[in-house]
Amino acid sequence: MSSGAIALGYPSSSQKWLIAMTVALGALMEIVDTSIVNVALPEMQASLGATLPEVGWVITSYAIANVIILPLAAWLGDTFGKKNYFVFSLIGFTLSSALCGFATTLPMLVLARVLQGLTGGGLMSKAQSILFETFPPKEQGMAQAIFGVVAIAGPAIGPTLGGYIVTNLDWRWIFFINLPVGVLAIMMAISVLPVDVKKLNVEKRVDVAGLVLLCVGLGSLQTVLEEGQSEDWFDSKLIVVLMITMVLGLALFIWRQLTVAYPVVDLRVLRHRSLAAGSAFSLVLGVTLYGAMFAVPVFCQSVLRLTAQDTGLLLMPGALASAFTMPFVGKLTSKVDARILIGFGASVLIFTMWWLSHLTATTGTGDLQGPLILRGIGTVFMFLPLSIATIGPLPKKDIPAATGFYNLTRQLGGSVGVAFLTAFLVNRQAFHTDALKPALSVTSPLVQQRLALLSSGFQSRGMAPEAAHQGAVKMLDGALRLQAAVMSYGDTFVLVGAFVLCSLPLILLLGKGGKQREPSGAH
């Protein structure tokens, strides 16, 4: 590193990469734990004697806590010190992982997951913030590439690792595996993260009302997104009450944060156009990164009948493609207009969604590899330049608040995407089922011929004529529902592609990136 960079407050060359490895390791634990639990829900349900809706709170509780803490990460870092808060988050996440593994009842597990979410949110937000503050502008591309590998590969690693652990060990080990990794990350953080510079004459008053409004507003929003589908949305009084609570809570929170002298979330950072536009586009990225990818594993397990482990292995090449693409795109960010790179990545994703929309009932795993690998590459071209163009131009003092808000929008984008696409998938499947039923009318000669052929096949296996006929009807009905399901997945991918297409004008509001902050921003 040049003497100029050191003079501006950046660490030495060797230390900055150790810092990058440390914060990336912490963020990786958090991101993997977001998705690793999904494949273990049936085993948890049987072990803890819970119903499926009850055990679903293992995921919901983590997501709610995670979303609440993300915008508070900047305030917590300023109040207690960035290093102290990151180390505390690592310790808390590791200990809460142990509590999850030792839980003997569902309430114990849910409470431990809340603690995991609260401490994990700090790891995610502070990791990116520390990277922006550690590396000089010209090296931001490669620094954010490290974070990008973690953020994009993590959702694919989670189901793969979770599937292997559940298949070969026990569901509790999806939490115990965090212990050695967490201890290593804690030791590294204590050793390599720079000591916080004490700020003089900083008033550390706590806006209790703002904290309460934030928890109520974001907690209600996340609960609606997580539980809306199972509660039948606005037919449920609970969902209606939560929606009203969310609107009132967030409206009052925004008003208070813009008027109080000591806000817990500095919304004034949205005065930076790059952050406002980038955060809006981050919602789109959240939908495509998390929302769209939820449909692929569900398709693999419900239509292709793959195991959770096999599904995870299917997603792995796409994650590896992202990892290999990151360094290349990281170098491009300092040379090419970020808007061009984001536009290219969005175009690749639109094409990928169109490709995936052509799935059929005979689609095999080999047919999915191409679009999934291409999706992994396209996501990198969106994710990395967007982070640089959004956060890079900001003065150093605004980076902690900006990264917390930016990561929150991506997280909420994923939650909104999963909730909306789940409802859309169910509705489209019902639509296609009703549309296809007339084609299977028992008065149709082709249907009668098919039923007779299937019935004779069942009778040849020793079934009574009436039972054989019922079996043939069930088989045709199953084929109809399978075709309806495949068509609904195709509609879902088309919708995601259209969503990305409609969001392209937001790119025009972004900065070019490349130059990043002026040197004065380091002071």
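Heads up: numbering here begins at 1 and tracks the sequence.
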### Message
Restricting to ring-ring contact (aromatic ring centres under 6.0 Å, His included), what partner residues turn up for Trp171, sequence neighbours left out?
### Response
none

### Query
Residues in side-chain contact (heavy atoms from CB on, under 4.5 Å) with Ser220, at least two apart?
Val216, Leu242, Thr245, Met246

### Task
Applying side chain to side chain contact (heavy atoms under 4.5 Å, CB included), run through Phe93 and Val181 and close with a yes or a no.
CA-CA 11 Å; Phe93 190 85; Val181 181; over 6 Å; no

### Task
Would you mind listing every salt bridge (Lys or Arg N to Asp or Glu O under 4.0 Å) that reaches into residues 418-429, with sequence neighbours excluded?
Arg428-Asp491

### Query
Can you tell if the side chain of Met353 reaches within under 4.5 Å of the side chain of Val500, non-hydrogen atoms only?
no

### Message
Any non-hydrogen side-chain atom of Phe381 less than 4.5 Å from a side-chain atom of Thr325?
### Response
yes

### Any Met44 side-chain heavy atom under 4.5 Å of Ile174 side chain
yes

### Query
Is there a side-chain contact between Val114 and Tyr62, using heavy atoms and a 4.5 Å cut-off?
no

### Task
Please identify each residue that fulfils side-chain contact (heavy atoms from CB on, under 4.5 Å) with Leu495, with sequence neighbours left out.
Phe420, Leu421, Phe424

Considering only distance and modelled atom types, tabulate donor-acceptor pairs under 3.5 Å from the side chains of residues 65-74, sequence neighbours left out.
from  : atom 1 : to     : atom 2 : distance (Å)
Asn66 : OD1    : Gln411 : NE2    : 3.4
Asn66 : ND2    : Glu30  : OE2    : 2.9
Asn66 : ND2    : Gly117 : O      : 3.4

### Message
I'd like to check the ring-ring contact (aromatic ring centres under 6.0 Å, His included) partners of Phe102; sequence neighbours left out, ordered by chain and number.
### Response
Phe176

### Message
Using the side-chain contact (heavy atoms from CB on, under 4.5 Å) criterion, which residues pair with Ser96? Sequence neighbours excluded.
### Response
Leu115, Gln116, Thr119

### Task
Output all residues satisfying ring-ring contact (aromatic ring centres under 6.0 Å, His included) with Tyr489, sequence neighbours left out; order by chain, then residue number.
Phe299

### Query
Taking only residues two or more places apart in sequence, or in another chain, which ones meet Tyr85 in a side chain to side chain donor-acceptor pair (under 3.5 Å)?
none

Show me the donor-acceptor pairs, under 3.5 Å and distance only, between side chains in residues 345-352 and residues at least two apart or in other chains.
from   : atom 1 : to     : atom 2 : distance (Å)
Ser347 : OG     : Gly343 : O      : 2.8
Thr352 : OG1    : Val348 : O      : 2.8

## Note on the structure
Sequence neighbours excluded, the answer for salt bridge (Lys or Arg N to Asp or Glu O under 4.0 Å) partners of Arg172 is none

### Message
Applying side-chain contact (heavy atoms from CB on, under 4.5 Å), can you list everything that pairs with Ser357, at least two apart in sequence or on another chain?
### Response
Trp354, Phe493, Val494

